[in-house]
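The block underneath contains the structure these notes are about, expressed in structure tokens.
Every chain is numbered from 1 and lettered A, B, ... according to where its sequence line falls, protein lines coming before strand lines.
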2 protein chains.
Amino acid sequence: MPRAPTTSDSFNAVAEPRRRDILNFLAPAERPVGDIVERLRLPQPSVSKHLRVLLDVGLVEVRREGRQAFYRTNAEAIKPVHEWTSQFERYWRRQLTRVKERAERESDRSSTTTTQRRQS
Amino acid sequence: MPRAPTTSDSFNAVAEPRRRDILNFLAPAERPVGDIVERLRLPQPSVSKHLRVLLDVGLVEVRREGRQAFYRTNAEAIKPVHEWTSQFERYWRRQLTRVKERAERESDRSSTTTTQRRQS
DNA sequence: AGAAAATATGCCGATATGGGAATATGTCAA
DNA sequence: TTGACATATTCCCATATCGGCATATTTTCT
């Protein structure tokens, strides 16, 4: 079996850096496709394809008006990813304090050693 | 060009659900491969392959002891994903309050209507 | 009607994937 | 040394990917 389709969930859709760029750009306000093309300097078909993927997983929504399509990011769809990563917050916090403590212990020890050296 | 390799960054590595399961399992404490196999009910080669990917992107670390390999998740490597998603927190918060406000306005209106109906 | 503008879709090729099964590698113990 | 145990690697296959390019679709304007 190949890798899961990019349209299977937010995790897969968001793995592509260009798609993250698009979501960032569309977060503050809706934009027509042309604006994305101009801003990200990507070929228009490429942008349309990425938007299709994002649309399929619900990461963006469209509002069509005349010949333009205004896309906006649906932040809600990013929540699952955020929540999954949040589980690990406590762990990297703990790891950081451990590292910090160790560093402090070591600097204590080395200053003690230095002191001892100075003393001897 | 095909999709970026799963080993290119945490975003890609974490797109695979089994790998997320492994990271969850290994977060509280290090475990030998056999424990993962038993817990997740996956074929051993499959687990080893997933661990290889996770190792390549720094999402896990190993400690070898005899014929066993103890893996633990390196929560730090999940931080980039967490931070990227955090940017959107304000947006889904805003969207939620908007939805809430609209719901309140609508329930106000309907209760008023009801009241009016009762009155008339 | 016909052309231009904005966006979407189709086809191609190169490539990496994850699963399955078999096998390799490394380590301990009798 | 030989065998059992724990883990890693290899090979094969079916499939979805992204990029590039060409083209289709829809809408608006003259």
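For A/Arg64, the side-chain atoms get nearest to C/dT7 when compared with the rest of D/dT28, C/dG19, C/dT7. Across C/dT7, D/dT17, C/dT17, the shortest atom-to-atom separation from the side chain of B/Thr6 is found for C/dT17. Taking only side-chain atoms of B/Pro2, from C-beta outward, the nucleotide of D/dT7, C/dT7, C/dA14 with the closest atom is C/dA14. Comparing D/dC18, C/dG19, D/dG20 against the side chain of B/Glu16 picks out C/dG19 as the nearest. Among the nucleotides D/dT17, D/dA8, D/dG19, the one closest to any side-chain atom of A/Pro5 is D/dT17. Of all nucleotides listed (D/dT9, C/dG18, C/dA8), D/dT9 comes nearest to the side chain of B/Ser48. In the set C/dT9, D/dT10, C/dA14, the nucleotide with an atom closest to the side chain of A/Pro45 is C/dT9.
At a cut-off of 3.5 angstrom, the base of C/dA5 holds no donor-acceptor pair with the side chain of A/Gln68. A donor-acceptor contact under 3.5 Å links the side chain of B/Arg67 to the base of D/dC5.
Going from atom CZ of B/Arg63 over to atom C1' of D/dA6 covers 15 Å, rounded to whole Å. Atom P of nucleotide D/dC21 and atom CG of A/Leu42 are separated by 14 Å, given to the nearest angstrom. Rounding to whole angstrom units, CE of residue A/Met1 and P of D/dC13 are separated by 16 Å. As rounded to whole Å, 7 Å separates atom P of D/dA8 from atom CD of B/Gln44. Here the P atom of nucleotide D/dA16 and the CZ atom of A/Arg19 are 15 Å apart, to the nearest Å. One atom, CZ of B/Arg3, and another, P of D/dG19, lie 12 Å apart when rounded to the nearest Å. With rounding to whole Å, A/Asp21 atom CG is found 14 Å from D/dC18 atom P. As a whole-Å value, the separation of B/Asn12 CG from D/dA16 P is 18 Å.
No more than 12 heavy atoms of other residues, nucleotides or ligands shown are found within 6.0 angstrom of CD on A/Glu38. Atom CZ of B/Arg18 is surrounded by 12 or fewer heavy atoms from other residues, nucleotides or ligands within 6.0 Å.
Residue A/Tyr71 places no side-chain N or O under 4.0 Å from the OP1 or OP2 atom of C/dA6. Of the side-chain N and O atoms in A/Arg52, one or more sit less than 4.0 angstrom from OP1 or OP2 of C/dT9. Using a 4.0 Å cut-off, some side-chain N or O of A/Ser46 falls inside it from OP1 or OP2 of D/dG19.
Side chain to side chain, A/Asp21 and A/Asn24 fail the donor-acceptor criterion of an N or O pair below 3.5 Å.
Salt-bridge check for A/Arg20 with A/Glu16: failed, with every basic side-chain N at 4.0 Å or more from each acidic carboxylate O.
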>> ring-ring contact (aromatic ring centres under 6.0 Å, His included) for A/His82 and B/Trp92? Distances and angles first, verdict last.
In response: CA-CA 11 Å; A/His82 180 76; B/Trp92 70 63; 5.3 Å; yes

